[in-house]
Amino acid sequence: MSHVLERAMSRRLVLTGTAAGVASLLVPITVLSTYAQSPKEESTYDITDWIAIASTGDVTLGLSQPEVGQGSYTVLPQILADELDADWQRVTVRFVTGKDAYKIAFKNEAPAQKEGASMSTTAFYELLRIAGAAAREALTRAAAEKWGITVAQCRTEKGFVINARGGRLSYGELAPAAARLPLSDRPRLKQPGQLALIGKPMPRLDSRAKSTGSALFGIDVTVPGMLNAAIRMAPSFTGAVVEIRNEAEILKRPGVRAVVRIAAVAVANEEAGSQHPALTRPPRDNAVCVVADHFWQAKRAVDALDIVFDSGTHGGLSSAEIDALLQAALDNDTGVPALEIGTPQQILRDKAASIIERRFVLPHIAHAPLEPVNATASYRDGAVEVWGSIQSVDACREAVATAVGCAVDAVSVNVTFLGGSFGRKIVPDYVVQAVQASKAVGRPVKLIRTREEDTQHDVFRPNAGARLRAVLDDAGYPLAVHARVAGQSLFGATRKSWLDRTPEGTWDESMVDGIYNQSYRVPNFLVETVDTPLPIPVYFMRSVGSTAAVFFWESFISELASQAGIDQYVYRRNLLAADPLALRVLDAVAQASNWTTPAAPDLFRGIAYNCYIGRGSRFKTYVAEVAELARVDNKLRVKRVFCAVDPGLAVNPNTLAAQIEGGIGFAMTTALHSRITFSNGGADQSNFFDYPLLGIDEMPEVVPIVLPSDRPPQGFGEVVLAPLAPAIAQAVLQATGRRLDVMPFPDAAFRG
Amino acid sequence: MGVFSINVNGASRSVEVEGDTPLLWVLRDNLGLTGAKFGCGIALCGACTVFMDGKPLRACSLPISALGKSEVTTIEGVSGPEALAVQDAWVARDVPQCGYCQSGQVMSAIALLKEIRKPTDHDIDLAMNGNLCRCATYVRIRAAIHDAARALER
């Protein structure tokens with residue numbers, strides 16, 4: 001069936017001859033077996049795990065990292081094509097899966113095929129260069145053998161091997177012979193001056209399809225014999241279905257095929273046993289889905305269901321309770337130390353009268369990708385095939401296999417374009433629900449969550465609060481700091497093996513990312529965390545803990561500078577004196593924004609800095625931002641944001657700039673709008689009227705400043721988010737004297 | 001269930017659905033036109049934007065029974081100088097990131113340029129404010145609309 005799908009989709013969706021003259025695009029749909037094993041033109045030859053060349057000269061480049069908007073669909077093939085010396089106009093990209101080469105690990109974990117942690121370019125840069133270069137060498141060797149000359153007498157250019165006499169053989173002609181040659185593990189990579197695509201602002205390969213409505217997202221998938229499903233989940237996270245009072249009536253509705261009770265899925269299932277026990281026990285049905293001919297029939301039927309839910313062990317959970325837990329944790333006698341330098345406690349005790357203290361609280365928030373989670377599944381005779389917007393292929397296969405009791409190898413996953421994810425679609429709870437529905441009705445089913453279900457049953461970004469205390473030295477700089485961060489631990493709730501262990505207990509680096517590993521000179525420093533476990537499903541969200549932790553930390557630095565009466569830029573500069581890469585971005589943003597020139601009367605500025613350290617210390621990306629607020633008609637508005645970054649090598653400055661612009665906008669939504677509150681054991685918000693996203697009228701102008709660097713590509717998709725909120729808060733402090741200690745920032749702070 | 005004869009992208013189509021079925025789901029499920037997207041279901045996000053008699057409409061909130069003789073144009077069928085200018089500008093600027101909202105953005109931008117030949121930033125804010133983009137591609141949306149307006153002048 002999958003082959004039928006692929007052919008049908010290919011006919012409909014292959015785009016050729018795009019106006020920009022870019023490569024023809026095959027929408028990334030494939031079967032689990034990679035293109036290497038799936039039926040294909042007989043005259044296509046696999047040169048490496050990533051590269052297949054047709055005798056026509058057309059090159060198919062494998063993409064193993066889902067395209068969630070970040071640009072991997074263009075950037076990763078760009079790396080391969082450069083080393084291969086492929087003709088970029090003849091490149092086709094196809095999503096691939098099923099080989100060990102496609103697996104990566106972020107931290108201490110088994111390698112898996114997944115996208116996340118801003119890791120794609122960092123993790124694959126070297127690997128893809130080697131793959132491309134090895135293929136180029138094999139093609140060159142094949143040509144040299146044909147000509148009876150040495151490889152040194154050959155060079156490559158845009159899909160051809162060329163010899164000194166001007167003889168030319170196309171990659172297509174050479175592919176059969178090259179495919180039989182062994183690949184070098186250590187091919188000679190191009191010198192920087194030889195790179196033709198890497199470092200160039202190449203146009204995205206998916207822009208035309210995404211501007212004409214032809215790009216295929218999970219929600220667009222159709223497979224033969226498919227039915228459509230809508231779902232209603234128990235409002236309480238620990239809830240269960242007790243009774244459906246009108247099932248017989250619902251079954252009589254037009255188009256309705258089945259009413260299916262769905263077993264609770266252990267969300268964030270990457271590491272069993274990490275979830276709050278109330279979410280996983282006891283095994284229970286916590287949702288009902290209606291399967292119908294068309295989605296609207298299913299949705300209307302779900303709306304009409306009269307379901308009795310039991311709210312379970314934590315049906316009384318409320319924001320008041322969560323906030324009380326958080327505040328108590330901030331005031332606890334002890335936390336778990338993540339870092340201790342010098343004698344901070346002693347100094348704070350000795351100078352208790354001069355302590356500067358700030359407290360902050362941030363809520364849970366929802367990912368809210370514009371494409372609500374959905375999946376298409378076909379369960380048949382113990383084998384499962386799924387299609388959809390799936391960010392983590394291997395986690396999805398494992399979750400499905402566990403849920404239906406089949407082997408992981410019996411689950412095949414087809415990945416489409418993802419209509420946003422931001423971490424949400426790593427968690428395959430929605431895929432498992434679709435599989436359960438398909439299994440129940442014996443036919444393929446597409447299950448779409450409505451916006452309301454998507455919002456209320458997100459895997460939320462956890463809440464966080466902080467209490468920061470400091471005393472300053474005679475010059476006004478931090479002498480001793482005690483930073484405590486409390487909240488629902490993300491690692492504790494999803495992957496306990498990532499927790500750091502100390503004699504006092506475990507701590508979660510994501511809660512203090514950008515604090516325990518921060519760059520400022522703080523001679524006496526204690527950083528602590530306190531976990532307040534909650535029966536709320538949570539998961540990683542773009543920029544993870546840094547959105548909270550850097551807001552706490554940079555806002556506190558702003559407070560200290562303000563109390564010391566020292567300019568915010570100068571203060572940070574002096575605290576970063578030993579860190580030249582940090583100073584470079586800070587100076588660059590200050591220069592671009594004319595920081596040292598006094599601002600116009602109705603303009604207020606804030607500056608913030610962060611070094612985003614990748615998971616497992618895999619990368620370091622330096623970021624500094626200046627937010628400019630303008631007062632218009634007695635209202636402050638974020639008018640312009642300067643963002644200086646040192647991302648290492650920018651493989652594609654075009655997509656990198658897009659990540660800066662979009663990242664700032666995403667962080668604006670978090671700073672100004674996002675809050676999930678809880679009552680009766682579940683989330684209160686449901687759609688964009690009570691969980692709004694930033695609109696174009698609120699979007700500031702963005703000035704990206706990308707610094708050149710000799711370092712290899714560092715992570716980027718998440719890094720610009722964190723410094724924005726503290727920069728805005730500092731500008732508000734400048735303008736109004738008001739201290740912002742909660743997110744989203746109250747509207748009132750921007751008035752007057 | 002009822003049989004509705006509707007005009008989509010210049011062709012007459014007959015569909016058998018409940019009268020309360022939103023146009024969006026008729027397009028997507030019955031006619032296989034998946035360019036218009038489902039985002040919120042209550043006309044707040046704009047991902048489902050199509051034209052009804054040339055004017056932008058949130059297809060998620062119009063029951064098929066209310067469509068009558070109106071002509072529907074989806075992104076699959078949109079044409080004309082404004083459409084060409086907007087889509088070319090979108091590609092040239094590489095506006096999309098995840099791309100999910102972009103069908104709706106493109107349709108709203110085309111409608112804007114049909115109405116106002118040379119929109120100001122304020123015009124863009126007013127016309128595009130109902131089209132949400134979670135990737136926040138707004139900087140390039142704005143720039144692409146100005147580009148398209150310039151292209152139409154030529």
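Naming convention: chains lettered A, B, ... in sequence-line order (proteins, then strands); numbering from 1 in each chain. FYI, side chains are in, hydrogens and waters are out, and symmetry mates aren't considered; it's all heavy atoms of this structure. Quick caveat: nothing in here was measured; it's all calculated off a predicted structure.
For B/D20, the parts sitting under 4.5 Å from any heavy atom of chain A are the backbone and the side chain alike. B/M1 touches chain A through its side chain: at least one heavy atom from C-beta onward sits under 4.5 Å away, while N, CA, C and O do not. Interface residue B/W25: only side-chain heavy atoms are found under 4.5 Å from chain A. For B/I124, the parts sitting under 4.5 Å from any heavy atom of chain A are the backbone and the side chain alike. Heavy-atom distances place both the backbone and the side chain of B/T21 under 4.5 Å from chain A.
Formation of a donor-acceptor pair under 3.5 Å by the B/N129 side chain with backbone atoms of A/G695 is not found in this model. In this structure, the side chain of B/R134 does not engage the main chain of A/E371 through any donor-acceptor pair within 3.5 Å. For B/R142 (side chain) and A/E701 (main-chain N/O), no donor-acceptor pair under 3.5 Å exists by modelled atom type. Distance alone, capped at 3.5 Å, is enough to place a donor-acceptor pair between the B/Q87 side chain and the A/S211 backbone. No donor-acceptor distance shorter than 3.5 angstrom exists from the side chain of B/Y100 to the backbone of A/P369, with no hydrogens or angles considered.
Residue with the most contacts toward chain A among B/D94, B/V17, B/D125, B/I75: B/D94 (heavy-atom pairs, distance under 4.5 Å). In terms of heavy-atom pairs under 4.5 Å with chain A, the best-connected choice from B/G41, B/C135, B/C40, B/S103 is B/C40.
Proximity of A/R300 to B/E18: side-chain heavy atoms (C-beta onward) are nowhere separated by under 4.5 Å. Using a 4.5 Å heavy-atom threshold, the side chains of B/V95 and A/K210 count as separate.
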